Amino acid sequence: MPAFDLDAWVARSGALDLDAIAWSDVAKYPVSAATVRTLSYMQDIESHTIIYLRSLLATRAVDDPEVATFLACWLHEETFHGIALARFLDAAGHPVGPRATPRGQEPVTKRVEGWATAMVSKAWPDFCAVHMTWGAINELTTLTGYLRLKAVAGHPVLGDLLERIMLDESRHFFFYYRQAEVRLRRPGAAWVARALVDRFWAPVGSGVGSDDDRAFMAGYLFAGDEGRAAARKVDDTIRKLPGFERVPLLEAWMDRHVRPVTGLNGGRNGYALN
Ligand SMILES: [Fe+2]
Ligand SMILES: [Fe+2]
């Protein structure tokens with residue numbers, strides 16, 4: 001895999017070109033309730049990036065000039081993903097309302113989690129290896145989720161928008177993955193990173209969106225043959241990182257947590273968390 005050219009990426013990093021999207025055509029095509037629910041969840045996660053970054057800035061991640069530069073541009077791009085998805089939902093007649101819990105009011109569990117992360121970072125010089133690995137998994141899951149959403153939603157304007165977002169996500173993934181690949185080669189780094197992923201990893205958005213929405217979305221995008229194949233591809237890519245051979249990830253999470261819900265007519269009408 002080639003090196004990530006940070007200077008080149010920073011030079012062209014920027015907001016999505018919202019003017020390039022045919023917003024006035026959005027309402028010409030149907031948008032299913034499942035697509036609206038998935039987009040609403042993703043819009044919330046994209047907009048949550050600034051909160052996620054808040055706890056990261058308390059770690060030694062900011063001491064690495066390359067990582068700090070990346071994070072600054074990354075936040076800008078992710079913020080525009082949230083803005084673009086909100087605009088799509090609005091154009092489709094499903095405007096994003098105010099959050100039930102404002103972002104400034106994080107639950108105690110999240111604050112404790114942030115504090116614990118900062119402590120681990122302080123005590124362990126290779127902390128960044130975990131952060132980069134986590135980032136690689138989450139960016140790849142997001143990218144793959146958008147790819148699946150484009151396929152299942154079948155909406156041309158949404159497809160165009162998601163294509164543009166996916167270009168950004170693939171560069172984000174590439175940065176994190178290359179960083180993880182190098183950092184996990186350090187003695188002990190892979191072992192600790194793997195132990196933390198095994199113990200704590202859950203799909204992007206855990207603790208942000210509701211469990212029901214996450215289960216629904218996981219079922220909508222990753223159940224069925226094509227969905228399972230996409231989830232397996234995510235897992236196989238991460239398994240190429242040092243120390244991550246045979247790591248149980250998205251497919252295993254699906255097996256453990258998502259079960260189909262059968263409706264009154266005997267057909268599958270959704271998914272729930274186990
Ligand atoms: Fe994004
Ligand atoms: Fe991203």
Side-chain angles (χ1 to χ4, degrees), residues 26 30-52 55 78-79 81-110 113 134 137-155 158-159 161-162 165-166 169 200-224 226-228 230-231 234 249-264 267-274:
V26 170
V31 184
S32 72
T35 298
V36 169
R37 191 169 174 185
T38 303
L39 281 173
S40 303
Y41 181 90
M42 291 311 296
Q43 196 279 332
D44 193 34
I45 303 305
E46 295 279 11
S47 311
H48 196 79
T49 307
I50 194 163
I51 303 296
Y52 175 66
S55 49
E78 300 291 19
T79 301
H81 296 171
I83 290 170
L85 295 183
R87 186 153 169 193
F88 181 89
L89 284 163
D90 194 38
H94 300 275
V96 177
R99 287 189 105 235
T101 315
R103 291 188 198 281
Q105 296 173 18
E106 270 200 309
V108 178
T109 48
K110 279 278 147 194
E113 203 179 292
W134 214 272
I137 300 171
N138 284 351
E139 292 289 348
L140 186 57
T141 311
T142 306
L143 170 62
T144 308
Y146 283 143
L147 195 63
R148 290 289 305 141
L149 180 58
K150 179 179 180 250
V152 296
H155 187 295
L158 180 60
L161 174 58
L162 292 177
I165 293 179
M166 283 190 283
E169 307 296 17
F200 296 110
W201 182 82
V204 62
S206 301
V208 180
S210 82
D211 285 351
D212 281 350
D213 282 346
R214 195 163 72 255
F216 174 83
M217 192 185 72
Y220 181 50
L221 299 179
F222 294 113
E226 285 173 30
R228 292 298 278 208
V234 170
L249 278 178
L250 195 50
E251 239 195 322
W253 187 89
M254 293 282 298
D255 287 341
R256 268 200 322 274
H257 296 289
V258 182
R259 66 183 157 79
V261 176
T262 305
L264 290 175
R268 182 177 294 180
N269 69 348
Y271 297 87
L273 279 191
N274 275 330

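Just so it is clear, the model here is predicted, and its values are computed rather than measured.
The distance from the CD atom of Glu78 to the CD1 atom of Ile45 is 11.0 Å, given to the nearest 0.5 Å. Residue Thr144 holds its OG1 atom at 9.5 Å from CE of Met166, rounded to the nearest 0.5 Å. Rounded to the nearest 0.5 angstrom, Leu147 CG and Glu169 CD are separated by 12.0 Å. Interatomic distance, Leu250 CG to Asp255 CG, rounded to the nearest 0.5 Å: 10.0 Å.
For the residue pair Ala218 and Trp253, the shortest heavy atom distance occurs at CB-CZ3, 3.8 Å. For the pair Ala223 and Met254, the tightest heavy-atom approach, listed with the atom from each and the gap, is N-CE, 4.0 Å. Here the closest heavy-atom approach between residue Gly82 and residue Ser47 is recorded as CA-OG, 3.9 Å.
With sequence neighbours left out, Thr35 forms a side chain to side chain donor-acceptor pair (under 3.5 Å) with Ser32, Tyr220. Remark: Trp134 pairs with no residue by the side chain to side chain donor-acceptor pair (under 3.5 Å) rule, at least two apart or across chains. Applying the side chain to side chain donor-acceptor pair (under 3.5 Å) criterion to Tyr146, with sequence neighbours excluded, gives Glu46.
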Next item on the list: Take Ile137 and Leu249 through the side-chain contact (heavy atoms from CB on, under 4.5 Å) test and state the conclusion after the steps.
Entry: CA-CA 9 Å; Ile137 300 171; Leu249 278 178; 4.2 Å; yes
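Using a 4.5 Å heavy-atom threshold, the side chains of Met42 and Thr142 count as touching.
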Check: residues 148-155 side-chain donor-acceptor pairs under 3.5 Å, at least two apart:
| from | atom 1 | to | atom 2 | distance (Å) |
| --- | --- | --- | --- | --- |
| Arg148 | NE | Leu221 | O | 2.7 |
| Arg148 | NH2 | Leu221 | O | 3.4 |
| Lys150 | NZ | Glu163 | OE2 | 2.9 |
| His155 | ND1 | Val157 | N | 3.2 |
| His155 | ND1 | Leu158 | N | 3.2 |
| His155 | NE2 | Val26 | O | 2.9 |

Side chains of residues 85-97: which donor-acceptor partners sit under 3.5 Å, not counting sequence neighbours?
none

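Looking only at atom types and distance, the side chain of Gln43 has no donor-acceptor partner in the side chain of His81 under 3.5 Å away.
Phe216 carries Arg37 over the face of its six-membered ring, with the cationic atom under 6.0 Å from the centre and within 45° of the normal.
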